[in-house]
Amino acid sequence: MDIPLSTIAVVGLGTMGTGIAEVLAHAGREVIGIDIDEIATAQSVAALEASTARAVERGRITEEERRGMLARFRPFTDLQAAADADLVIEVVPESYEIKQQVFRALDAIVGPTTILATGTNALSVTRLAADSSHPERVLGMHFFNPAPAMKLVEVVSSVLTAPAAVTAVTALARELGKEPVAVGDRPGFVADGLLFGYLNQAAAMYEAKYATREDIDAAMRLGCGLPMGPLALLDLIGVDTARTVLEAMYAASRDRLHAPAPVLRQLSEAGLTGRKSGRGFYTYEAPGSGTVVRDALTPLDDRRGTRGDRPAVRSVGVAGSGTMASGIAEVFAKAGYVVVLAARSRQKAEAAKARVAKSLGRSVDKGRLTGDARDDALARITPAASLDAFDDVDLAVEAVAEDLEVKRQLFATLDKVCKPGAVLATTTSSLPVVACARATTRPQDVIGMHFFNPAPAMKLVEVVRTVLTSDEVHATVREVCATLRKHPVDCGDRAGFIVNALLFPYLNNAVKMVQEHYATLDDIDAAMKLGGGYPMGPFELLDVVGLDVSLAIERVLHREFRDPGLAPAPLLEHLVAAGCLGRKTGRGFREYAARG
């Protein structure tokens, strides 16, 4: 049955409600805007006028189109105005009591065929529908903020929802230029269900003083390509809103990863709810402002400390012959360091240098590097068939297999070969740095330098101190990162460091969603790219990283933190056991035309 949706009421004219009204009016719908607060209604009209004026200035719409949009938006302060609507979208505060009051009142006002949609991202659509006299017409229509810009709309059906209502709302979303994703009724749905668990873990990491708010946010922006760090995003969303969503998720899942971090309650109860209050994890210029200002927690501009009498690093040894080792050698050589690139044989070392030459050649072709600079960088790299060639380097960086025993043996060799005072660094992403340190007689000189792949392009380096690392070594490595034009973030020696500890539980939860048949691979990937601003969906990323690598990291996280919610999803285990490891084997969560 075709259900025309030409007149649409939006109940609740805050930021989200006003944004939805703008989208609807732009698409030619008659929009009835309703808010019982006269001030909120007036502010909504003013916001819509300002937003459409900016759109005209930027050439996105004409002045005539603007006038038409404003004429199609009619504001009211009485719910009775929704009487003739074909669809009502409520975006009132996230409270069952408030939403149920709205739905009960609408039952007595609108016609029997009017569809009622809730904009909730945290509450049960089924529970709201069950309280309605016509539960079959109730569903969820979850827009993302800012509604005019964000493409994703999650269309949420309960067991009570009529298929015709879902079809009509899905068609409307497409007509609005949005990408609808069909999901079932569970707190957070797809995008927020994955996003808020990640945000919660970031808040807990900050609360534990494992890393500063600035380093946590920088790590996720630079290490994962995210548009915002998690703590800045919590401030934007609203700390109180995040707490509400997480409480709903935890009530449904009992997963400890969804139990709101205590700091969220503390900030909420203190009124420090983020940008809207002027202070949350960060302090802002004014309530509603996005401009961060210094406060008592802002780190000093220079956190490198002093390397004391330790000499500056001038020569570097890189151990390994794979992609990461050659990438790190390229980074150091381009920055002016003399590099010894050592592998298990002369042939492997030469092949690694050839990989550097190929990479530098691509940079020349793209105009990022001159031919002379390429030749100078290559001239600084000396291939070697043995770690004995590291006898005079100031810094030794290992980038060999992610196997603790292999790394321990290598560090024992470095301890014998490298001169006194040389810094010994591991690029491990998941193994304990202190275990490498204990394989030497100089654990104070051992530190983690976790580069990200591809090393020449990625700006982030996680600088990992053990309890034995000296202040001078830490300062030396931060100084080296500055010379490399990399962004160092400090963290302690625990599984996953910052990025992997936050990234892989999110990926694991995405796998669980597919395993439970809650949503498809394509819908989950689309939801996270369109709703979360992620450069890749979780399954695209898993296939690129490698399912075996991902499983190994998730096992390490589960073993260290002992949290049942971190146990690897059985579906991931089964795919790895079947040899479906992602792009490198031609099949992972998806199939590929060729291996790699």
Side-chain angles (χ1 to χ4, degrees), residues 204-205 208-212 215-216 219 223 303-305 307-308 310 313 316-320 324-325 328 387 390 393-452 460-478 480-481 488-504 549 552-563 566:
M205 180 181 282
K209 294 182 170 56
Y210 175 67
T212 67
D215 279 355
I216 292 171
R303 288 182 285 163
R304 284 180 292 179
R307 55 184 166 85
R310 183 177 289 271
V313 172
V316 179
V318 179
M324 182 58 83
I328 292 171
L387 293 176
F390 285 7
V393 300
D394 303 310
L395 166 64
V397 182
E398 70 78 14
V400 300
E402 194 74 345
D403 180 295
L404 185 57
E405 190 52 39
V406 170
K407 290 185 187 292
R408 284 175 55 84
Q409 290 176 9
L410 185 143
F411 270 85
T413 302
L414 292 177
D415 187 34
K416 296 173 184 174
V417 169
C418 294
K419 66 186 180 184
V423 177
L424 310 182
T426 172
T427 61
T428 182
S429 63
S430 59
L431 302 175
V433 177
V434 74
C436 297
R438 291 293 303 277
T440 74
T441 59
R442 40 176 151 173
Q444 72 279 0
D445 293 336
V446 178
I447 195 166
M449 285 185 76
H450 180 211
F451 289 82
F452 286 73
L460 183 68
V461 176
E462 289 178 320
V463 178
V464 188
R465 295 187 65 167
T466 77
V467 292
L468 302 173
T469 306
S470 73
D471 290 342
E472 293 76 19
V473 163
H474 174 249
T476 299
V477 167
R478 285 190 64 94
V480 167
C481 289
V489 296
D490 290 330
C491 55
D493 183 21
R494 74 180 199 187
F497 311 135
I498 297 175
V499 174
N500 286 348
L502 295 178
L503 174 64
F504 281 90
V549 174
I553 293 172
E554 288 175 10
R555 283 174 172 167
V556 168
L557 291 172
H558 184 224
R559 187 164 59 245
E560 173 133 335
F561 295 107
R562 310 293 178 92
D563 192 317
L566 295 175

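Remember, predicted model here, so these are calculated numbers, not experimental data.
In this structure the side chain of Asp490 reaches within 4.5 angstrom of the side chain of Val463, judged on heavy atoms.
The distance from the CG atom of Leu566 to the CZ atom of Phe561 is 7.5 Å, given to the nearest 0.5 Å. Here the OG1-CG distance, from Thr469 to Leu424, works out to 10.5 Å after rounding to the nearest 0.5 Å. Note that CD1 of Ile447 and OG1 of Thr476 are 8.5 Å apart. Values are rounded to the nearest 0.5 Å. To the nearest 0.5 angstrom, Thr440 atom OG1 is 9.5 Å from Leu414 atom CG. The CG atom of Leu503 sits 13.0 Å away from atom CD1 of Ile498, with the distance rounded to the nearest 0.5 Å. The CE atom of Met205 sits 4.0 Å away from atom CG of Leu502, with the distance rounded to the nearest 0.5 Å.
The two residues Pro420 and Arg442 have their closest heavy-atom pair at CA-NH1, 3.9 Å. For the residue pair Met449 and Cys481, the shortest heavy atom distance occurs at CE-SG, 4.2 Å. In plain terms, the two heavy atoms of Val433 and Asp493 that are nearest each other are N-OD1, 3.0 Å. Across Ala325 and Ala319, no two heavy atoms sit closer than the pair CB-O, 4.3 Å. In terms of heavy-atom proximity, Tyr210 sits nearest to Phe497 at OH-CA, 3.2 Å. The shortest non-hydrogen separation linking Glu462 to Cys491 is CB-SG, 4.3 Å.
Of the possible polar contacts, one joining the Thr413 side chain to the Gln409 backbone as a donor-acceptor pair under 3.5 Å is found.
Note on Arg465 versus Asp471: salt bridge recorded, some NZ/NE/NH1/NH2 to OD/OE distance being below 4.0 Å. Salt-bridge check for Arg494 with Glu560: failed, with every basic side-chain N at 4.0 Å or more from each acidic carboxylate O.
Legend: residues meeting side chain to side chain donor-acceptor pair (under 3.5 Å) with Ser430, ordered by chain and number and at least two apart, are Glu402.
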So Val446 and Thr466, side-chain contact (heavy atoms from CB on, under 4.5 Å) or not? Walk me through it.
CA-CA 8 Å; Val446 178; Thr466 77; 5.7 Å; no
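Screening Leu387, Leu410, Val318, Val406 for a side chain to side chain contact (heavy atoms under 4.5 Å, CB included) involving Glu398 leaves a single residue, Leu410.
Counting non-hydrogen atoms of neighbouring residues, nucleotides and ligands closer than 6.0 angstrom, the NZ atom of Lys419 exceeds 12 such neighbours. Heavy atoms from other residues, nucleotides or ligands lying under 6.0 Å from CZ of Arg310 number more than 12.
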